[in-house]
Structure formats: C-alpha cells, structure tokens
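Here the structure is a predicted model, which means the values were calculated and not measured.
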Amino acid sequence: MSATAVVDAANTTKSYALAGALAGDVDLVADGGEPCRAIRVGAAGDLAIVNASGTNTVIPALLAGETIRVRASKLVAALTTAQKITVLW
C-alpha cells in the first residue's frame with residue numbers, strides 16, 4: 001500500500017495526495033485487490049490513470065468534489081494535478 005494512503009474501516013475506499021501531489025504512481029490492484037470502480041477528487045485538476053484494459057488516460061479539469069465512474073488499475077503521478085483523491089472499490 002502507498003505510504004500516503006488513508007484506509008477506511010471496511011477497506012472499500014483509500015485516499016491519496018491529501019496534502020500535495022501524489023508522491024508516486026499508485027497500483028490500485030495491489031492496494032484494493034482489483035481495479036477500482038470510481039474516483040473522487042477533493043481538489044480540482046487533471047487525473048492520469050491506467051484503465052482496467054491497460055490504456056493510459058488523462059481525465060482533464062476535474063472539479064473539486066467530482067466523482068467519476070472509472071475502472072482504473074493505476075494512478076499516474078507524473079500527469080496528475082488533482083489532489084485529495086479518494087478511490088472506491
């Protein structure tokens with residue numbers, strides 16, 4: 001699990017980049033056992049992921065508090081500007 005992750009009691013959500021940018025790529029399959037089903041951002045910005053089929057994707061200009069339904073296997077730090085990211089399985 002990423003050193004910056006915060007886990008809920010049921011292990012169905014984990015939060016990353018709570019105070020600044022992602023420290024590094026996050027393998028969501030290793031953290032949650034499978035690709036996630038949704039991602040919420042608490043601070044606006046772009047979100048870079050590798051989707052469940054292995055394609056690199058940048059989702060631009062997400063708004064603070066926005067939740068997107070996406071099957072992602074990885075968060076890509078180099079292209080992600082969004083912060084306070086919560087991943088839902």
Is the closest side-chain heavy-atom distance between Val50 and Thr57 below 4.5 Å? no

Are the side chains of Val58 and Ile49 in contact, using a 4.5 Å heavy-atom criterion? no

Exercise: identify the closest heavy-atom pair between [X] and [Y]:
| X | Y | value |
| --- | --- | --- |
| Gly42 | Ala64 | O-CB, 3.4 Å |
| Leu79 | Ala48 | CB-CB, 3.6 Å |
| Gly24 | Ala77 | C-CB, 3.5 Å |
| Asp46 | Thr81 | N-OG1, 2.7 Å |
| Val87 | Cys36 | CG1-CB, 3.3 Å |

Quick one, Arg71 with Arg37, criterion side chain to side chain contact (heavy atoms under 4.5 Å, CB included). Give me CA distance, side-chain angles, the key distance, then yes/no. CA-CA 5 Å; Arg71 297 283 293 167; Arg37 59 184 171 81; 4.2 Å; yes

To the nearest 0.5 angstrom, please state how far the NZ atom of Lys74 sits from the CG atom of Leu28. 9.5 Å

Could you state the interatomic distance from CG (Leu63) to CD1 (Ile68), rounded to the nearest 0.5 Å? 11.5 Å

Partners passing side-chain hydrogen bond (donor to acceptor under 3.5 Å, both in side chains) against Ser73 (at least two apart in sequence or in another chain): none

Can you sort out the partners of Ser53 under side-chain hydrogen bond (donor to acceptor under 3.5 Å, both in side chains), two or more places apart, ordered by chain and number? Asn51

Only one of Thr67, Leu75, Leu88 clears side-chain contact (heavy atoms from CB on, under 4.5 Å) with Ile39; which? Leu75

Kindly determine whether Leu18 and Ile85 satisfy side chain to side chain contact (heavy atoms under 4.5 Å, CB included), including the steps that lead there. CA-CA 7 Å; Leu18 296 177; Ile85 299 166; over 6 Å; no

Between Tyr16 and Asp31, is a side chain to side chain contact (heavy atoms under 4.5 Å, CB included) present by the stated rule, with each step listed? CA-CA 11 Å; Tyr16 306 89; Asp31 272 5; 2.5 Å; yes

Going by atom types alone, do Ser15 and Thr86 pair a side-chain donor with an acceptor below 3.5 Å? yes

Is there a path of hydrophobic side-chain contacts, each under 4.5 Å between heavy atoms, that joins Leu62 and Val76? no

In the single-linkage hydrophobic clustering (I, L, V, M, F, W, Y; side-chain heavy atoms under 4.5 Å), do Val26 and Trp89 co-cluster? yes

